[in-house]
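These figures come from a predicted structure and were not determined experimentally. In this chain, residues are counted from 1 in sequence order. Note that ligands are numbered from 1 as they come in the structure, with each ligand's atoms numbered from 1 the same way.
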Amino acid sequence: MAIGALATIASLQAHESLGRDFPVLLDMADRFATPQIRNVATVGGNLCHAVPSADCAPPLMALGAEVTILSTGGARTLPLESFFEGPKKTALRDGELLTEVRIPHPFARSVCTFERMARSYVDIALASAACRLSIDEGNSISEARIVLGAVAPVPLRVTEAEELLVGVPVATVTDDLLDEVAARAAADARPISDVRTSAAYRKHVSAVLVKRSAAEAVRRLGE
Ligand SMILES: Cc1cc2nc3c(=O)[nH]c(=O)nc-3n(C[C@H](O)[C@H](O)[C@H](O)COP(=O)(O)OP(=O)(O)OC[C@H]3O[C@@H](n4cnc5c(N)ncnc54)[C@H](O)[C@@H]3O)c2cc1C
């Protein structure tokens, strides 16, 4: 599936099959600011603006998205997780435009979830988390991708937390394991304190959101 850079957040909500194939993107779009903002904000703009709280980034990174970058010199692709270089800094060089985001076709046995917390529904996230889990034929977790938003200079994959889940039969995932995953993920967070909240609260909320998103992915995979 390819999403053009100029697709608005509202157009994701209106798309015929996006919600069926990638329900996490619909979930993200439904929680993105207000209808007025969603009508003008584009997926490309949200990614290229590269603020750590950008809501498109965690679910797209968890889904393994790639971006296509075009200039007069030709096109190149990059994994989205290599696109962000710092707050408001991306891998785009002079003369380059992001033209589309490509998402691998969803595995049948894969679920991706997204959680965010903000001071109010209209405010940007003070922390967010996306979690994609895939299971193999034996119903063990074969792949985990967990991405934190708003708690580091860039959207952050927390690979040590992911590794705690890989190989675990989905039916045996316990609350204690999810607590461990959440604590490991939050340990990697490097949040700042600002007008919205403190760094310590962002870290705490990160753990809560990772646990919620992973628990929901496990629940859906168990159905
Ligand atoms: C009241 C309010 C609430 C908001 N709430 C949220 C929220 O809940 N979640 C959230 O994630 N964000 C939120 N935002 C931020 C806002 O939605 C983003 O800034 C918006 O998504 C940017 O998209 P845009 O299309 O307007 O990009 P623009 O503002 O037009 O562009 C942003 C930057 O990226 C560059 N750019 C844009 N497209 C490309 C491209 N294709 N290739 C190369 N460079 C490009 C532009 O030159 C510019 O530097 C909120 C903003 C406001 C004002």
Side-chain angles (χ1 to χ4, degrees), residues 1-15 18 22 24-63 65-103 112-131 147-157 189 191-192 194-197 202 205-206 209 212-213:
M1 151 86 67
I3 301 175
L6 288 176
T8 61
I9 305 302
S11 75
L12 302 184
Q13 294 177 293
H15 192 271
L18 188 88
F22 301 102
V24 68
L25 296 182
L26 198 56
D27 191 25
M28 178 277 296
D30 287 348
R31 294 200 254 168
F32 191 115
T34 61
Q36 292 89 339
I37 301 285
R38 296 195 288 260
N39 282 337
V40 291
T42 63
V43 172
N46 191 243
L47 297 176
C48 292
H49 195 37
V51 295
S53 60
D55 282 327
C56 290
L60 284 171
M61 266 171 65
L63 289 168
E66 286 188 341
V67 288
T68 305
I69 295 169
L70 191 68
S71 71
T72 50
R76 63 186 179 112
T77 57
L78 268 187
L80 181 57
E81 62 186 279
S82 310
F83 181 70
F84 301 106
E85 295 187 343
K88 301 194 179 180
K89 282 173 76 177
T90 68
L92 287 175
R93 299 296 172 244
D94 281 353
E96 289 188 323
L97 283 174
L98 186 153
T99 54
E100 68 180 17
V101 181
R102 299 194 81 88
I103 314 168
C112 190
T113 56
F114 176 64
E115 294 286 339
R116 82 195 283 280
M117 188 174 285
R119 294 178 302 175
S120 77
Y121 77 94
V122 69
D123 198 14
I124 59 170
L126 57 88
S128 63
C131 174
V147 183
L148 306 182
V151 291
V154 295
L156 188 68
R157 249 189 99 178
I192 56 164
D194 62 11
V195 290
R196 289 190 169 78
T197 191
R202 280 199 162 95
V205 170
S206 283
L209 298 182
R212 272 186 205 162
S213 59

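If you check which protein heavy atom lies closest to atom 28 (P) of ligand 1, you get Gly45 CA, 4.5 Å. In terms of protein heavy atoms, atom 53 (C) of ligand 1 is closest to Ile37 CD1, 3.8 Å. For atom 11 (O) of ligand 1, the nearest protein heavy atom (residue, atom name, distance) is Asp55 N, 2.8 Å. Looking only at protein heavy atoms, the nearest one to atom 35 (C) of ligand 1 is Cys48 CB, 3.8 Å. Considering only non-hydrogen protein atoms, atom 25 (O) of ligand 1 sits nearest to Thr42 OG1, 2.6 Å. Nearest to atom 12 (N) of ligand 1 among the protein's heavy atoms is Phe32 CZ, 3.4 Å. In terms of protein heavy-atom proximity, atom 18 (C) of ligand 1 is nearest to Asn46 ND2, 4.0 Å. The nearest protein atom to atom 3 (C) of ligand 1, hydrogens excluded, is given as Val122 O, 3.7 Å; this is a heavy-atom distance.
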Subject >> Full working for side-chain contact (heavy atoms from CB on, under 4.5 Å) between Arg102 and Thr77 >> reply: CA-CA 9 Å; Arg102 299 194 81 88; Thr77 57; 5.8 Å; no
Subject >> Residue pair Thr113, Arg212: steps toward the side-chain contact (heavy atoms from CB on, under 4.5 Å) verdict >> reply: CA-CA 9 Å; Thr113 56; Arg212 272 186 205 162; over 6 Å; no
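In this structure, atom 47 (O) of ligand 1 has no protein heavy-atom contact shorter than 4.0 Å. For atom 15 (C) of ligand 1, no protein heavy-atom neighbour is found at a distance under 4.0 Å. For atom 40 (C) of ligand 1, a protein non-hydrogen atom is found at a distance below 4.0 Å. Atom 8 (O) of ligand 1 is approached by the protein to below 4.0 angstrom, counting heavy atoms only.
For Val43, the heavy-atom gap to ligand 1 stays at 4.0 angstrom or more.
Ligand 1 has a nitrogen or oxygen under 3.5 angstrom from a nitrogen or oxygen of Leu98. For a threshold of 3.5 Å applied to N or O pairs, the pair formed by Ala33 and ligand 1 contains at least one separation below that value. The distance criterion of under 3.5 Å between nitrogen or oxygen atoms is not met by Arg31 with respect to ligand 1.
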Sequence neighbours left out, cut at 3.5 Å: what donor-acceptor pairs do the side chains of residues 85-92 make with other protein atoms?
from	atom 1	to	atom 2	distance (Å)
Glu85	OE1	Arg93	NH2	3.3
Glu85	OE2	Arg93	NH2	2.9
Thr90	OG1	Leu92	N	3.1

Indicate every side-chain donor-acceptor pair of residues 48-57 with a distance under 3.5 Å to a residue at least two apart or in another chain.
from	atom 1	to	atom 2	distance (Å)
Asp55	OD1	Arg116	NE	3.3
Asp55	OD2	Arg116	NE	3.1
Asp55	OD2	Arg116	NH2	3.0

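With a heavy-atom cut-off of 4.0 Å, Val40 touches ligand 1 through its backbone alone.
Against a heavy-atom cut-off of under 4.0 Å, His49 is close to the following atoms of ligand 1: 19 (O), 32 (C), 34 (O). Below 4.0 Å from some heavy atom of Ala54 lie the following atoms of ligand 1, by number and element: 11 (O). Per-residue contacts place Leu92 under 4.0 angstrom from the following atoms of ligand 1 (heavy atoms of the residue considered): 43 (C), 44 (N). Atoms of ligand 1 found under 4.0 Å from any heavy atom of Ala5, numbered from 1 in the order shown, are 41 (N). Per-residue contacts place Arg116 under 4.0 angstrom from the following atoms of ligand 1 (heavy atoms of the residue considered): 7 (C), 8 (O).
Within the 4.5 Å cutoff, no side-chain heavy atoms of Phe32 are placed close to those of Leu12.
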